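Quick caveat, the model's predicted, so the values are computed rather than measured. Counting convention: from 1, in listed order, for ligands and their atoms alike.
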Amino acid sequence: MTTTLATEETRVATITTGLDRLRRSLHTGSRIAAPYRAAAEPAWHSSYVAPAAERPPVTARMASFGYRERELHGRADLVDDLAMTGPVRLLTPDGAAALRGICQNLEASAVHNDYVVSRRLRGVESLSPFVHAMVRDPVFLDTVSRLVGVPLIPHPLRDAGVQINYYEAAADASRAPLVAKWHLDGMNYVFTMTLSDHAEHQGGDYIYYRGHPRDFASRREEITAQGARHPDVHIAPFQHVGDTMFTRGSRVYHAVTPVTRGHRITLAVSLFCPLLGDQDENRFWHSAPDDGLVRTLNNWNALRRAVRRPASYCRREDIPIRPLARRSAARD
Ligand SMILES: O=C(O)CCC(=O)C(=O)O
Ligand SMILES: [Fe+2]
């Protein structure tokens, strides 16, 4: 009985594809559930970026997820084979506390959507001046670029770029629990920062499949049924407010198990490599179910323009152009 219960608690479905995405894309609901008072936010400061991280406990290359050399991103002069690293602290404790307060205040604006993450707020850069300033701060960008080994800047697909995910126990047993279904992100470079201490919730683990998506597809039934108990499914070691994991979201299947007690908030910051823009893995039909067709069309045009002319994108958006920093993540 205990075993069955534990398995149930980490069981998460996989997102839908095909016609269901089209059906979901036709919604015209509001992007935010309530207006947000940005003027009440504290100001962002560069000094909120934490000093360079120590060697993170987890560092995995694409090869250990079953990817072959020819499948990797990058180009001859730019290796881009990091699958996952962390947890690291990108912000100081004060910076993470300020961000947590902001994301708590933004919760009233979040919307329900059972496509991937049950409850979330997209396009946070356009709502929060703090987050807008953070993701284009040269010190912040240098830190994340060094961690991955490629230059990273704010993502042109604005609604998907920065989002906040909110999880809590379902109000009653008849409601579906709040989760992130098994999925690949559209984004290549994703930094997931927890803004909750793990002691504040039960469940709500970020789990990932250590293997190739091709194998995930053929083993889907057993992986979704067993969740965290599956031998090739691992739990990302988030512990404290501010802990951040880098993942190559577009190539590593992941999910968040149901929260059974308390609350969990995460900020997902996805970035863009202007030198490898043509390898961006976003797909129109991956974003449309969340953002609706019209917004996705506009976002899509902005992405295509930035891929073609990254320097003009940076100028238009006031994004600092940085020299290429050397990678700091340890090789495994
Ligand atoms: O909330 C998390 O820990 C991860 C959510 C996620 O996978 C996503 O936002 O794409
Ligand atoms: Fe994700």
Side-chain angles (χ1 to χ4, degrees), residues 10 12-17 58 65 83-88 90 96 99-100 103-104 106-107 110-125 131 135 155 157-169 177-198 200-209 213 216 223-224 227-228 233-259 262-271 280-283 286-291:
T10 66
V12 186
T14 310
I15 58 166
T16 49
T17 52
V58 176
F65 280 73
M84 171 169 264
T85 194
V88 292
L90 295 179
L99 186 55
R100 171 178 154 108
C103 293
Q104 284 170 334
L106 278 162
E107 181 160 5
V111 294
H112 281 269
N113 187 326
D114 71 348
Y115 171 51
V116 184
V117 178
S118 312
R119 187 143 169 268
R120 68 178 171 186
L121 184 64
R122 310 253 294 170
V124 175
E125 239 197 284
V131 170
V135 297
H155 205 284
L157 203 60
R158 197 48 47 86
D159 284 334
V162 185
Q163 61 181 38
I164 312 172
N165 303 314
Y166 296 96
Y167 308 87
E168 64 192 2
L178 302 191
V179 297
K181 292 181 188 168
W182 280 105
H183 66 285
L184 294 173
D185 298 323
M187 298 290 186
N188 301 36
Y189 310 100
V190 183
F191 296 83
T192 307
M193 183 186 298
T194 181
L195 295 170
S196 309
D197 207 272
H198 206 292
E200 294 177 83
H201 58 87
Q202 253 161 28
D205 283 314
Y206 180 116
I207 56 177
Y208 61 96
Y209 174 64
F216 181 93
I223 295 167
T224 52
V233 171
H234 298 261
I235 299 179
F238 288 104
Q239 280 303 323
H240 301 298
V241 173
D243 282 358
T244 304
M245 292 292 300
F246 164 77
T247 45
R248 191 162 303 256
S250 57
R251 294 191 158 194
V252 172
Y253 259 100
H254 58 281
V256 175
T257 63
V259 167
H263 292 256
R264 176 174 184 264
I265 303 181
T266 57
L267 180 80
V269 177
S270 297
L271 298 169
D280 185 276
E281 296 203 284
N282 279 288
R283 297 285 170 268
H286 184 67
S287 285
D290 268 311
D291 302 322

Which atom, counting only N, O or S, brings D185 closest to the Fe ion (ligand 2)?
OD1
Which angle, to the nearest 10 degrees, do you find at the Fe ion (ligand 2) between NE2 in H183 and NE2 in H254?
90°
Aromatic contact between F216 and W182, with the criterion being ring centroids under 6.0 Å apart: yes or no?
yes
So if I count the atoms of ligand 1 from 1 in the order they appear, which ones are less than 4.0 Å from some heavy atom of H183?
6 (C), 7 (O), 8 (C), 10 (O)
Under 4.0 Å from a heavy atom of Y167: give me the atoms of ligand 1 that qualify, with their elements.
1 (O), 2 (C), 4 (C), 5 (C)
Under 4.0 Å from a heavy atom of V256: give me the atoms of ligand 1 that qualify, with their elements.
1 (O), 2 (C), 3 (O), 4 (C)
Report yes or no: does a heavy atom of F238 sit under 4.0 Å from some atom of ligand 1?
no
Relative to each other, are the rings of Y206 and H254 parallel, tilted or perpendicular (30° and 60° limits)?
parallel
Residue, atom name and distance, where the atom is the protein heavy atom closest to atom 9 (O) of ligand 1:
Q163 NE2, 2.7 Å
For ligand 1, which atoms have a heavy atom of H254 less than 4.0 angstrom away?
7 (O)
Which atoms of ligand 1 are found less than 4.0 Å from any heavy atom of Y206?
3 (O), 4 (C)
Output for pair (E281 CD, R251 CZ), nearest 0.5 Å, gives 4.5 Å
Return yes when M187 approaches ligand 1 closer than 4.0 angstrom through a heavy atom, no otherwise.
no
If you apply the rule side chain to side chain contact (heavy atoms under 4.5 Å, CB included), what do you find for M193 with L99, and how did you get there?
CA-CA 10 Å; M193 183 186 298; L99 186 55; 3.7 Å; yes
Can you tell me how far apart NE2 (H201) and NE2 (H263) are? Round to the nearest 0.5 Å.
11.0 Å
Flag T192 as yes when one of its N or O atoms lies below 3.5 Å from any N or O atom of ligand 1, and as no otherwise.
no
Which is closest to atom 5 (C) of ligand 1 by heavy-atom distance: N165, L267, T194?
N165
To the nearest 0.5 Å, what is the distance between CG on L195 and CZ on F238?
10.0 Å
D185 heavy atoms within 4.0 Å reach ligand 1 at atoms 10 (O)
Using a 4.0 Å cut-off to any heavy atom of R264, which atoms of ligand 1 qualify?
1 (O), 2 (C), 3 (O)
If we count only N and O atoms by modelled type, under 3.5 Å, do the side chains of N165 and T266 hold a donor and an acceptor together?
yes
Report the C-alpha distance between L106 and Y166 in whole Å, list the side-chain angles of each, state the deciding distance to 0.1 Å, and finish with yes or no for side chain to side chain contact (heavy atoms under 4.5 Å, CB included).
CA-CA 10 Å; L106 278 162; Y166 296 96; 3.6 Å; yes
Could you state the interatomic distance from CD1 (I207) to OG1 (T257), rounded to the nearest 0.5 Å?
6.0 Å
